[in-house]
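I have placed the structure first, in the form of structure tokens, so that the comments after it can refer back to it.
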Amino acid sequence: MSQVRVRFAPSPTGFFHIGSARTALFNWLYARHMGGKFILRIEDTDKERNSEAFLNVILDSMRWLGMDWDEGPGMGGPHGPYFQSQRTELYRTKLRELADKGRAYEKDGAWWLRLEGARSRAHDEHLKRDYEKVDSPPMVLDDLVRGRVERAEDRDFVIFRSNGEPVFHFVNVVDDIEMRITHVIRGEDHLSNTSKHVELFRAFGVEPPRYAHIPLILKSDGPGKMSKRDQGALIEEYQRRRFLPEAVRNYLCLLGWTPADGKEVLPIGEIVRQFDLKEVHQSNARFDERKMSHVNAQTLRGLPAAEFAALARPILLETKVIDASVSDARLAEVLGIVQEKVISLEHLPEFMGFFFTADFKQDEGAKANLTKKGGDPVARVRELLPALEAAEWTEPALEAAFAAVGAANNRKPTDYFAPVRFGISGQGGGPHLLSVLRVLGRERSLARLRAYAS
RNA sequence: GCCCCCUUCGUCUAGCCCGGUCCAGGACACCUCGUUUUCACUGAGGUAACUGGGGUUCGAAUCCCCAAGGGGGCGCCA
């Protein structure tokens, strides 16, 4: 069997949404799994909306998600150019080829594909009354994910507009032929178009590729498939919100495909190894950002500390939580207790800002919670302070101090936890309190608690 | 209107091809309890589904038919 060649063929509209990303991803996965080629072809035939900036939206997101292409923009390749806008001469040549064969004809200034046999609706006036069903064997498509699908194309259709430009179906097929595409993996919204495409392949006398129509991604709330306008539909949003690209990619894989062993968070190499079109689902999936967040959090936790630090430092610098003077060692100390609790890099600044400044914000919700519980947090801190001041600054010793004060005041040690946390960080949650105290350090911790208690 | 595809917990799904091991398993979310914090961590539990109706069969989530629901396509858009 010859080498697998798949392509992703977006049109640069200025958006790169999650559905396109998933289609690209499945193509990429299949190419990598099969040791084939992944081709990126830009369908920029629509001159109205076509610019370098729009193209870059796509290329940036592709790179961010780690989908590298073997042929296409910036890569070249033996079947270029990879921009349809540069292939217009080819399309004219191919149209002429069909016309010469009698498979294309002109009508109203446009060019139409003539279907074979009785199905062709010639433009003769007397046939124009339209629609009498023509008995013809349906096209049988053996789709790699949907199995046997039957559909008959029963009317001629336009392949070249009267303005001289070819239509999508035509260029798509011509390019797939020229680029030797072996498998077409695309959204189910193209399933009904496939009969047109197969007709075109046959008209050219070329064996059609194998098709795999993958399920669509539905919007998380209302009806219908996800569109550019929906919340969370654009890849760049997740980039901006500092999701890990590998986590977004991982989640996208889960929309329409399931790892055999049920382990959902896994490295891309493992996904490439396991992925197969035969296991792609047939039904549409609803997008769920909460699950994607979960995948993100899990992935974050699994990162080696050095890698986590390399991601965190620029974010903390940018948000002025730290400045360049903060050493790697100090940062590592703080990140060490933060990494397993935080769910997104986006939250890092607010989550750990208090380690680097005493001038932190007080969380109103947490504050309300403190008093709602009935106790007086300031009084608790006052009761505790002497014991902390006397304690050796290690977690076991601090723990013992909490216990002793609790016992002396007939309280649970944990009654002191929330007030202390709030006093030193202004927050209601965070890493384990004893480790926060340890990492924050004795002087800073005590100073903040004294200030809080007064 | 015509055509095509799909249909298991709220959501993502396993199981369906090769009917009994499924009073349906996992994950997210939610709830409860625990972990020396109220937490986004972590641990243990819990609520929750085979769209409906007919068949076939000793037996159906699994096979067949119909209906309903959902999605998509029907353009000189891509």
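So you know, we letter chains A, B, ... as the sequences are listed, proteins then strands, and number each from 1. Remember, it's a predicted structure, so these values are computed and weren't measured experimentally.
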- B:A78 C1' sits how many Å from A:Phe168 CZ, rounded? 6 Å

- Query: Which of the following nucleotides, B:A27, B:A78, B:A14, is nearest to the side chain of A:Ser11?
  - Reply: B:A78

- Task: Could you tell me whether A:Leu254 contacts a base, only the sugar-phosphate backbone, or nothing, with contacts defined as non-hydrogen atoms closer than 4.0 Å?
- Result: sugar-phosphate

- Message: At 4.0 Å (heavy atoms only), tell me whether A:Ala285 reaches a base, stays on the sugar-phosphate, or touches nothing.
- Response: sugar-phosphate

- Task: Kindly indicate, with the supporting measurements, whether the criterion side chain to side chain contact (heavy atoms under 4.5 Å, CB included) is fulfilled by A:Phe243 and A:Ser293.
- Result: CA-CA 8 Å; A:Phe243 274 75; A:Ser293 282; 3.9 Å; yes

- Hunt down the Watson-Crick or G-U wobble partner of B:A60, both distances under 3.5 Å, from any strand shown, or write none. none

- Message: Whole angstroms only, please: what is the CZ-C1' distance between A:Arg438 and B:U37?
- Response: 17 Å

- So what's B:C30 paired with, Watson-Crick or G-U wobble, going by both distances under 3.5 Å? B:G46

- Should the ring pair A:Tyr105 and A:Trp112 be called parallel, tilted or perpendicular, given that the plane angle runs from 0 to 90° and is split at 30 and 60? parallel

- Task: Would you mind reading off the distance between A:Leu433 atom CG and B:U38 atom P, rounded to a whole angstrom?
- Result: 11 Å

- In A:Arg151, A:His213, A:His169, the residue satisfying side chain to side chain contact (heavy atoms under 4.5 Å, CB included) with A:Asn193 is A:His169

- Between B:A14, B:A78, B:C28, which nucleotide has the shortest distance from any of its atoms to the side chain of A:Glu43? B:A78

- Message: Can you tell me which nucleotide in B:A40, B:U13, B:C76 comes closest to the side chain of A:Thr258?
- Response: B:U13

- A:Arg438 and salt bridge (charged side-chain N to carboxylate O under 4.0 Å, His left out): which partner among A:Glu392, A:Glu395, A:Glu333? A:Glu395

- Message: Heavy atoms from C-beta onward define the side chain here; which of B:C41, B:A78, B:U37 lies closest to that of A:Lys341?
- Response: B:C41

- Query: A:Phe351 near the nucleic acid: base, sugar-phosphate alone, or nothing, with a heavy-atom cut-off under 4.0 Å?
  - Reply: base

- Message: Closer than 4.0 angstrom, basic N to acidic O: yes or no for A:Arg450 and A:Glu389?
- Response: yes

- Item | A:His294, nearest nucleotide to its side chain (from B:C28, B:A78, B:C5) | B:C28

- Under the salt bridge (charged side-chain N to carboxylate O under 4.0 Å, His left out) test, which residues partner A:Arg382, sequence neighbours left out? none

- Message: Please report the distance, rounded to the nearest Å, between CD in A:Gln282 and C1' in B:U8.
- Response: 14 Å

- Query: Do NZ/NE/NH1/NH2 and the carboxylate oxygens of A:Glu89 and A:Arg92 come within less than 4.0 Å?
  - Reply: yes

- Item | Annotated protein contacts, base or backbone, on nucleotides 69-74 of chain B with a non-hydrogen cut-off under 4.0 Å, one of B, S, - each | --BBS-

- Query: When the C1' atoms of B:G15 and B:C9 are considered, how many whole Å apart are they?
  - Reply: 14 Å

- Message: Which nucleotide wins on minimum distance to the side chain of A:Gln298, given the candidates B:C76, B:U42, B:U37?
- Response: B:U42

- A:Ala110, nearest nucleotide to its side chain (from B:C6, B:C28, B:C76): B:C76

- Query: What nucleic acid atoms does A:Gly256 come within less than 4.0 Å of, heavy atoms only: base, sugar-phosphate, or nothing?
  - Reply: sugar-phosphate

- Item | For B:U7, the Watson-Crick or wobble partner whose two distances fall under 3.5 Å | B:A68

- Note on the structure: Residues of residues 383-398 of chain A with a heavy atom under 4.0 Å from any atom of RNA chain B, listed by number, are none

- Task: Sort out the partner of B:C2 for me: Watson-Crick or G-U wobble, both distances under 3.5 Å, none otherwise.
- Result: B:G73

- Message: Can you tell whether the side chains of A:Arg241 and A:Glu237 come within less than 4.0 Å, N to carboxylate O?
- Response: yes

- Query: Do A:Phe170 and A:Phe157 have ring centroids that are under 6.0 Å from one another?
  - Reply: no

- Query: Would you call A:Asp142-A:Arg210 a salt bridge at under 4.0 Å N-O?
  - Reply: yes

- Quantified in whole Å, what is the P atom distance between nucleotide B:C18 and nucleotide B:C33? 49 Å

- Against the side chain of A:Arg146, the closest entry in B:A29, B:A14, B:C5 is B:C5

- Task: Determine the interatomic distance between C1' on B:U62 and the same-named atom on B:U51; round to the nearest Å.
- Result: 16 Å

- Specify the separation, in whole Å, of atom CD1 of A:Ile217 and atom P of B:C5. 22 Å

- Message: Taking any heavy-atom pair under 4.0 Å as a contact, classify A:Glu264: base, sugar-phosphate, or nothing.
- Response: base

- Mapping A:Gly428 and A:Leu255 to their closest nucleotides on RNA chain B, which lands nearer the 5' end? A:Leu255

- Among the nucleotides B:U37, B:C4, B:C6, whichever has the atom closest to the side chain of A:Ser283 is B:C6

- Parallel under 30°, tilted from 30 to 60°, perpendicular over 60°: which one fits the rings of A:His190 and A:Phe168? tilted

